[in-house]
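Atom set for the values below is all heavy atoms of this structure, side chains included, hydrogens, waters and symmetry mates excluded. Just so we're on the same page: letters track the sequence lines, and every chain starts at 1.
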Amino acid sequence: MRLSRYFLPLLKETPSEATIASHRYMLRAGMVKQDSAGIYIWLPLGFKVLKKIENIVREEQNKSGAVEILMPTIQSAGHWKETGRYDAYGPEMLRIKDRSNRELLYGPTNEDMITDMFRTYVKSYKDLPQSLYHIQWKFRDERRPRFGVMRGREFLMKDAYSFDVDLESARLSYNKQFVAYLNTFDRLGLQAVPLRADAGPIGGDLSHEFLILAETGESKVYCHSDLLDMKAPGYVSEKDLQKVVDSRTSFYARSDEMHDQTKFEKIPENKRLVARGIEVGHIFQFGDKYSKPMNANVQGADGKVNPVMMGSYGVGVSRLVGGIIEASHDEVGIIWPKSVTPFGVGIINLKVGNDEVDKVCEDLYEKLKNSNIDPLYDDKNDRGGQKFARMDLIGLPYQIIVGPRGLGEGVVEVKVRLSGKKMNLTLEEAVNFIVNEYTSET
RNA sequence: CGGGGCGUAGCGCAGCCUGGUAGCGCACCUGUUUUGGGAACAGGGGGUCGCAAGUUCGAAUCUUGCCGCCCCGACCA
């Protein structure tokens, strides 16, 4: 993309409402624009990142065996009355009436709807287990939206639902999602900690929440520090699932509400970690909580009819955009992990109009495009300082700086955003370096 | 939901107390000189001062009502 033809409305000054880094930078880097409290327009740069995160979440869901569907944002109140949640959910649910005075709502979650869908089709244990997910916009009428997209009212969420014939099988489905979450957050460049959680308003027996550590996090985290050193498991066969899950859940790791100081103090003192975190995922097993009142029953091999055993698994996709920035920024701007960066590399032309500089930039631009690097070429006729500051702010992992001074010696400058390290390389070397950075690790 | 605050140009703000027809910085447009870490000078465009009613000869400024937004706390993915 050529910057001169892109839509990137940057702000030099920080809007007064933004108090945390991710909110400040998302506004300044032209990623989002607030339309009303907790509701945002996703501008091109922000939208690209959102889609990249969404795709990683999708790929890991697919790998786990979950199947994608898409449920509507607007739901009928009927299903919610059947489970008793219409009254239980409270004012955070946005209730709407249509022209015929029918009661509708903008979905804050989808257990009721999917259970209704499931029961009309599935009657036999032979069709189980089943995991379905969708990635869809939700609405919760928060009393106090804040922190930009981290706590919006409208937000993009992946929610998966598992259906099993018994609790033992349901545990397997739960574990698959648990492992999928470890892999998902790893690919997003995040260190996510699974905490034992309270099932909360969704209800259930077994539950974990996944938090990324950040000073601005809303939850307090107490955990064994070795948990942070564990690497993502990658592919895990069914027979090893429980072992992998146990290897994480055996560590003490809890949020404020579930904290048990006595148990915490059994951890060696130098391994006790108290930090703050941002919740980016939450998984629940809740058995027949919805299937029973909704008569979502299946017939087993023994001929008996029982409610299907369910779980649900959420990831805050739009919240992750902010969460990643909280976890990865410095005093001048964002530092994107390679997996979600809106562009692979920024090319800075320091002297637009100079034949040689223009030619080298165009050459780099074409070569990188053809190597699937998706470069952003700053071809605007601005001063150097402005270009550097701009590129640092939007946080692409690599920059290639092309100017007459370097070209006089036959080199361009490659800058690594994270380390600040700069290298003088020939044009070919620069292209090879960037391509290699994106292919050497997955 | 408790407590506090703010709505004046795209962004950041002053003016309001003490009423007289709107200003500063950044951004934007034109020109000149510049050009390797957010350039300088000159000229210029952009506002029903959140909305409505009231007081007044006259309201950004005073009064009342409404709307919107933010911050702290409690709550939440």
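- Scored by the salt bridge (Lys or Arg N to Asp or Glu O under 4.0 Å) test, Glu429(A) finds no partners at all (sequence neighbours excluded).
- Here Ser16(A) reaches the OP1 or OP2 of C13(B): one of its side-chain N or O atoms lies under 4.0 Å away.
- Between Tyr40(A) and His23(A), the ring planes are perpendicular. Angles over 60° get that label, and only those under 30° would be called parallel.
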Could you pull out the protein-nucleic contacts involving nucleotides 3-9 of chain B (nitrogen or oxygen on both sides, under 3.5 Å)?
none

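- For the pair Arg143(A) and G73(B), the criterion of a side-chain N or O lying under 4.0 Å from OP1 or OP2 is not met.
- For Lys48(A) and Phe343(A), the positive end sits near the middle of the six-membered ring, less than 6.0 Å away and at most 45° from its axis.
- How far CG of Leu70(A) is from OH of Tyr133(A): 11.0 Å, rounded to the nearest 0.5 Å.
- Rounded to a whole Å, the NZ atom of Lys138(A) is 16 Å from the C1' atom of C76(B).
- In this structure, NZ of Lys33(A) is placed 11 Å from C1' of C11(B), rounded to the nearest angstrom.
- Taking every heavy atom of residues 40-55 of chain A and every atom of RNA chain B, no pair lies under 4.0 Å.
- As a whole-Å value, the separation of Arg319(A) CZ from C76(B) P is 12 Å.
- Comment: Arg153(A) engages Asp141(A) in a salt bridge, judged by a side-chain N to carboxylate O separation of less than 4.0 angstrom.
- Nucleotides C70(B) and G12(B) place their P atoms 12 Å apart, quoted to the nearest Å.
- Sorted by residue number, the list of members of residues 323-331 of chain A with any non-hydrogen atom under 4.0 Å from RNA chain B is empty.
- Atom CZ in Arg151(A) sits about 11 Å away from atom P in A74(B), given to the nearest Å.
- Atom CG of Asp256(A) and atom P of A74(B) are 10 Å apart (whole Å).
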Heavy-atom contacts, protein to nucleotides 33-40 of chain B, under 4.0 Å, summarised as B (base), S (sugar-phosphate only) or - (none) per nt, yield -BSBBBB-

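- Across C71(B) and A77(B), the matching C1' atoms stand 22 Å from one another, rounded to whole Å.
- Ion pairing of Glu13(A) with Arg28(A) is absent here, as no side-chain N (NZ or NE/NH1/NH2) approaches a carboxylate O to less than 4.0 Å.
- Using a 4.0 Å cut-off between a side-chain N of Lys or Arg and a carboxylate O of Asp or Glu, Lys51(A) and Glu54(A) qualify as a salt bridge.
- Between the P atom of A77(B) and the CD atom of Glu142(A) lies a distance of 8 Å, rounded to the nearest Å.
- From Phe251(A), atom CZ reaches atom CG of Asp226(A) across 5.0 Å, with rounding to the nearest 0.5 Å.
- Comparing Arg153(A) and Asp35(A) against RNA chain B, the residue whose closest nucleotide sits nearer the 5' end is Asp35(A).
- C75(B) atom P lies 16 Å from atom OH of Tyr89(A), rounded to whole Å.
- Because its NZ or CZ atom is not both nearer than 6.0 Å to the ring centre of Phe155(A) and within 45° of the ring axis, Lys138(A) does not count as a cation-pi partner of that residue.
- Every residue two or more places apart in sequence or in another chain was checked for a salt bridge (Lys or Arg N to Asp or Glu O under 4.0 Å) with Asp186(A), and none qualifies.
- For Arg144(A), no side-chain nitrogen or oxygen approaches OP1 or OP2 of A74(B) to under 4.0 Å.
- Only the P atoms considered, C62(B) is 9 Å distant from U18(B), to the nearest whole Å.
- Here the CD1-NZ distance, from Ile324(A) to Lys52(A), works out to 11.5 Å after rounding to the nearest 0.5 Å.
- Separating the CD atom of Glu257(A) from the C1' atom of A74(B) is a distance of 13 Å, rounded to the nearest angstrom.
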